[in-house]
Amino acid sequence: MTDLTPNSTFLIAGIVFITIAVIGQSKLGFIEINPGCFGRFLALFIGISSLLYALGLLNLSAETLDLLITSLTEQIKQSIGSINELIQGS
């Protein structure tokens, strides 16, 4: 048998999760799948993330993650400042 690489594993997982999100409630022999609305949304999110990771589009390094955290922190600080100004101005 061939070895499963991380890319093929994420590709298979992404396809399975997107299939669950699209089909929703189904019964396949002895297996019953009933994810509900939140479960379908979560399966869609996990499936898309897995496929993007398998294709190499979601390759987050430590530097990229630090840059993303710094950017989000700055955006939150600016938003809080704007909200405070709006509240004090009223």
Side-chain angles (χ1 to χ4, degrees):
M1 293 191 76
T2 61
D3 294 330
L4 281 177
T5 63
N7 282 348
S8 61
T9 304
F10 279 108
L11 183 67
I12 293 169
I15 291 171
V16 168
F17 278 110
I18 287 179
T19 303
I20 290 171
V22 170
I23 293 176
Q25 184 177 0
S26 65
K27 190 171 188 177
L28 304 170
F30 62 91
I31 299 173
E32 184 175 339
I33 300 172
N34 189 6
C37 183
F38 178 72
R40 289 178 76 176
F41 178 74
L42 188 62
L44 180 66
F45 178 75
I46 292 172
I48 290 173
S49 299
S50 296
L51 288 176
L52 288 176
Y53 185 79
L55 295 174
L57 300 176
L58 193 66
N59 189 3
L60 294 177
S61 64
E63 295 172 359
T64 307
L65 194 59
D66 288 339
L67 181 64
L68 182 65
I69 290 172
T70 306
S71 174
L72 286 175
T73 305
E74 290 299 319
Q75 291 293 327
I76 290 171
K77 286 179 183 177
Q78 289 176 359
S79 298
I80 289 175
S82 299
I83 291 172
N84 286 337
E85 290 176 7
L86 183 66
I87 291 173
Q88 292 175 356
S90 300

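Predicted, not measured: the structure shown is a model, and the values here were computed from it.
- Take T70 and apply the side chain to side chain contact (heavy atoms under 4.5 Å, CB included) test, not counting sequence neighbours, and it matches no residue.
- Note that CG of L44 is 9.0 Å distant from OG of S49, once rounded to the nearest 0.5 Å.
- Annotation: the span from N34 atom CG to R40 atom CZ amounts to 10.0 Å, rounded to 0.5 Å.
- Separation of atoms CZ (F41) and SG (C37) is listed at 9.0 Å; rounding is to 0.5 Å.
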Show me, pair by pair, the donor-acceptor contacts under 3.5 angstrom made by side chains of residues 9-32, not counting sequence neighbours?
unit_1 : atom_1 : unit_2 : atom_2 : d
T9     : OG1    : T5     : O      : 2.9
T19    : OG1    : I15    : O      : 2.6

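- Applying the side chain to side chain contact (heavy atoms under 4.5 Å, CB included) rule to L72 yields the partners L68; only residues at least two apart in sequence or on another chain are considered.
- Residues I76 make up the rest of the hydrophobic cluster containing I80, defined by ILVMFWY side-chain heavy atoms closer than 4.5 Å, directly or through other members.
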